[in-house]
Every structure is written in structure tokens, then in C-alpha cells.
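Accompanying notes for the structure given below.
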Amino acid sequence: MRIVSLAGGIGGARFLRGLLAATPDSEITVIGNTGDDITLYGLQVCPDLDTVMYTLGGGIDEEQGWGRQKETHVVKEELAAYGVEPQWFGLGDRDFATHIVRTQMLKAGYPLSAVTEALCARWEPGVRLIPMSDDRTETHVVISDGQGRRAVHFQEWWVRMRASVPAEQIILVGADQARPAPGVLQAIADADVVILPPSNPVVSIGTILQIKGIREALETKTVVGVSPIVGGAPVRGMADACLTAIGVDTTAQAVLELYGSPLVDGWLVAEEDAGVRLDGVRIEARPLIMHDVESAAAIARAALDLATELA
Ligand code: GDP
Ligand code: FO1
Ligand code: CA
Ligand code: CA
């Protein structure tokens, strides 16, 4: 079976690990979010692509859910000793190497999709990982604080401020000019089923859907989504702060309505959210907490079964 899945970071990566376990013989293409990307110390950092690559390649820090396992932070300490900013974003030494290789290749003229393929040659994630676009986009968040009303990079709001200041707007800078990366629309056209994993509906899935042509391509396919909201709360992280910013309730119902029909054909909700309804969408209730690979695989199997029935 040919499967396309969109993906953000932790939620996407853990789901994909389950999907691979559930269907090892399928050909899986992952369209990764690059709206979280940030340039730090001259280096191009792609947190969501790296989270998928490290998680599926066996290099992720399991507790944290991002960054490398057995990580050290000597470079970060040395940068801090020079007083170099920002000091609120923690890049580890092993992780630094990824950003150095990526930046070197980008500077040599390779597009991000080719760079990602080269990085994945080492990690062998078992999926084809394509960034949503080779064109640079960045998610910015409009806030009002002691320094007035201003836009900050998504990572500054998310990591430095822990989303404690309300977001007035969330904007994907560069969205108008960004085209899908090579292979994205073809993979969607060739897919038997498309999965929306339980990734952040605003700054992961919502970001990918803003790239011209992607939503339209998905609307022609059988798409099954997994709710990232369980019992009115994001299972981990602060997705509620992103949903509030765009005027959407933190419920499995509201996230389904945000994606809408005809995009979504099937929607998996947690058992406590079994009352969710939307015309044109088949809804099934399942345990949706990813405790480990087995529970993630059970969710993935349920999504595939529903997609196969609807296709
Ligand atoms: P990020 O880029 O690292 O924030 O990761 P994603 O965008 O891929 O996913 C983050 C979202 O995953 C969170 O907002 C949660 O709502 C969702 N999530 C995390 N763990 C689970 C889980 O075990 N089950 C479900 N259903 N959703 C989860
Ligand atoms: N998240 C944090 O909360 N603090 C960090 O210092 C941090 C560093 C970091 C470095 C590399 C990387 O790939 C991810 C990193 N993250 C960090 C996670 C990440 O920035 C966010 O959780 C996501 O971008 C939100 O979707
Ligand atoms: Ca992310
Ligand atoms: Ca559809």
C-alpha cells in the first residue's frame, strides 16, 4: 500500500513509528512541517524534520521527544561563555552536527529536500521524508507584552515564553511564495490513503495545509485523521494555546471542523470523545494515547482499516 502522512514533530513521529510497525511492507511518504525552522548562529535548524528522522532512525532522546539521545552540551556552554544569544534554545553537540551538515549543503546550493534525503541516508528512517516546501517559510506569533505589540519567531514564543503570553495571531511568513517540494504532489497523487497523524492542528498540520496546492491535492484522496485532542486537552504540549489563538476550541470536534469535509473522510477520536459528529465524515472511537510503539501501532492500524473501508 502507498501511504502519505503529514507530520509535525513528536506527535507525528511517534504515530509514524507505530505506522511502520503496523505495516512494514507499505511505502510511506512523510510530508514534514518546516514552519518551525529557525536560523541560529548561522545554522539552519529544522526541529520537526529532525524529530521524525531521529525518532524513526533510533536516535531520539525518548524522554524529551526531541533532540539526540546521549547528548552533551559543550558547544552551548561555550557559546554562553561568549554571551552569544539566544541562550533559551538548547542545541546539543550531536544535534549541532546535523545543522552544520544541513547548512553546508544548503549553502552549496542543494534544496532542503535533497539535504533531508542526504541526512536520512544515515538514519534510514524507513519512510521517504520530504519537507513540505524547499522555499523558506517561518511561523511567527503576534503577541503583546511589556515591549508592546510585536511578532516573534514561533520558537521564541513556544520555547522561551512557553506560550504563556496569549498569541494574537499565528502567521506563516512566506506562505504565499512557497511551493510544495518536488515529489510532494506526486506522492499525494499516487497514494492509496492519506493519514493526518495526531500532530499540532495549527502549527504542524495547519502549516503544511497552507502550502499552495497541498490541501487541494489531499481533497481528492481518502484522508483519515487521528485527533490530537483527547478529552478536551492536548495529550502533551501546549497545542491549546495555538487553537485558542485561531479561535478554535480545544476539542476533538472543533479540530475536525477546522480540517473539515471534504478534506477529512474518517476521524479517529478517543473513547471519551465518542459523541463527535460531522456530515460526510466517518468517526470511530479508539484508545488514542501513544504509550509505546504497540499502542501507536494499534492507532495506526485503526486509521488504515478505516481508510481502506472508505477508499
Ligand atoms: P511537535 O511539533 O513536537 O509539537 O509535535 P506534533 O505537532 O507532531 O504533535 C504535537 C501534538 O501531538 C500535541 O499537540 C498533542 O495534541 C499530540 N499528541 C502527543 N502525544 C499524543 C498521544 O499520545 N495521543 C494523541 N492522540 N495525541 C498526542
Ligand atoms: N524545545 C524546548 O522546549 N526547548 C529547547 O531548548 C529545544 C531545543 C530544540 C533543539 C532542536 C530541536 O530539533 C528541537 C528543540 N526543541 C526544544 C523542540 C522544538 O523546538 C519544539 O518542541 C517544536 O518545534 C514545537 O513544535
Ligand atoms: Ca513542531
Ligand atoms: Ca476527502
Side-chain angles (χ1 to χ4, degrees), residues 7-14 32-55 59-103 106 112 119 131 136-174 199-200 202-204 206-207 234-246:
I10 302 183
R14 292 191 173 166
N33 171 43
T34 56
D36 291 13
D37 294 8
I38 185 166
T39 307
L40 295 168
Y41 328 112
L43 300 175
Q44 182 66 17
V45 181
C46 302
D48 284 359
L49 294 180
D50 289 347
T51 297
V52 170
M53 182 173 80
Y54 294 155
T55 301
I60 198 80
D61 180 317
E62 290 287 345
E63 280 87 78
Q64 217 170 222
W66 49 267
R68 294 286 308 280
Q69 57 188 229
K70 304 197 186 98
E71 189 56 288
T72 55
H73 293 88
V74 177
V75 174
K76 178 181 153 72
E77 285 162 28
E78 289 295 317
L79 288 169
Y82 283 112
V84 174
E85 296 290 339
Q87 295 182 15
W88 47 262
F89 203 76
L91 291 181
D93 299 326
R94 291 176 191 278
D95 198 28
F96 257 112
T98 303
H99 313 313
I100 291 169
V101 175
R102 173 184 293 125
T103 305
L106 289 169
L112 183 63
L119 294 171
R136 190 69 191 276
T137 60
E138 267 186 18
T139 300
H140 287 200
V141 178
V142 177
I143 56 162
S144 294
D145 62 4
Q147 295 176 55
R149 187 164 190 269
R150 63 204 172 99
V152 297
H153 191 286
F154 168 73
Q155 296 292 352
E156 183 170 1
W157 179 66
W158 189 260
V159 172
R160 186 168 81 80
M161 303 176 186
R162 294 267 152 236
S164 60
V165 183
E168 294 171 15
Q169 274 187 76
I170 299 180
I171 302 160
L172 184 65
V173 179
S199 280
N200 188 307
V202 184
V203 296
S204 293
T207 302
V235 181
R236 45 178 81 80
M238 307 164 284
D240 48 329
C242 301
L243 285 165
T244 302
I246 62 163

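Heavy atoms only: backbone and side chains are in, while hydrogens, waters and symmetry mates are out.
Partners of D50 by salt bridge (Lys or Arg N to Asp or Glu O under 4.0 Å), not counting sequence neighbours, listed by chain and number: R102. Residues satisfying the side-chain contact (heavy atoms from CB on, under 4.5 Å) criterion with A167, sequence neighbours excluded, are V141, W157, I170, A245. A search for ring pair (Phe, Tyr, Trp, His ring centres under 6.0 Å) contacts involving W66 returns nothing, not counting sequence neighbours. Among residues two or more places apart in sequence or in another chain, the side chain to side chain donor-acceptor pair (under 3.5 Å) test is passed with R14 by none. Residues forming a side chain to side chain donor-acceptor pair (under 3.5 Å) with E138 (at least two apart in sequence, or on another chain): R136, H140. Residues passing the side-chain contact (heavy atoms from CB on, under 4.5 Å) test with P166, sequence neighbours excluded: none. In this view, I100 and L43 satisfy the side-chain contact (heavy atoms from CB on, under 4.5 Å) rule, not counting sequence neighbours. Contacts of S164 classified as side chain to side chain donor-acceptor pair (under 3.5 Å), with partners at least two apart in sequence or in another chain: none. Partners of D36 under the side chain to side chain donor-acceptor pair (under 3.5 Å) rule, at least two apart in sequence or in another chain, are N33. Not counting sequence neighbours, the partners of V75 by the side-chain contact (heavy atoms from CB on, under 4.5 Å) test are L79, D93, F96.
Interatomic distance, F89 CZ to Q155 CD, rounded to the nearest 0.5 Å: 4.0 Å. Separation of atoms CD1 (I38) and CG (L91) is listed at 9.0 Å; rounding is to 0.5 Å. One finds the NZ atom of K76 at 12.0 Å from the CG atom of D95 (value rounded to the nearest 0.5 Å). Atom SG of C46 sits about 8.5 Å away from atom CG of L119, to the nearest 0.5 Å. With values rounded to the nearest 0.5 angstrom, E71 atom CD is found 8.5 Å from Q64 atom CD. In this structure, R94 CZ and H73 NE2 are separated by 11.0 Å, a value rounded to the nearest 0.5 Å.
In plain terms, the two heavy atoms of W158 and C242 that are nearest each other are CZ3-SG, 3.7 Å. Closest approach of T103 to G42, counting heavy atoms only: CG2-O, 3.4 Å. In plain terms, the two heavy atoms of S204 and D48 that are nearest each other are OG-OD2, 3.8 Å. S144 approaches V165 most closely through the heavy-atom pair O-CG1, 3.6 Å. The two residues G11 and S199 have their closest heavy-atom pair at C-OG, 4.1 Å. The two residues M238 and A163 have their closest heavy-atom pair at SD-CB, 4.0 Å.
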Next on the checklist: The test is side-chain contact (heavy atoms from CB on, under 4.5 Å); show your working for V173 and T139 and say whether it passes.
Outcome noted: CA-CA 6 Å; V173 179; T139 300; over 6 Å; no
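A heavy-atom distance below 4.5 Å is not found between the side chains of R68 and D61. Considering only heavy atoms from C-beta on, Q169 stays 4.5 Å or farther from I246 through its side chain. Here the side chains of Y41 and P86 are in contact, with some heavy-atom distance below 4.5 Å.
In the model, T39 has a side-chain atom that pairs as donor or acceptor with a side-chain atom of Q44 under 3.5 Å.
Sorted by first then second residue, the salt bridge (Lys or Arg N to Asp or Glu O under 4.0 Å) pairs that include residues 81-92, not counting sequence neighbours, number zero. Each salt bridge (Lys or Arg N to Asp or Glu O under 4.0 Å) pair with one or both residues in residues 139-167, not counting sequence neighbours, appears once here: D145-R150, R149-E168, E156-R160.
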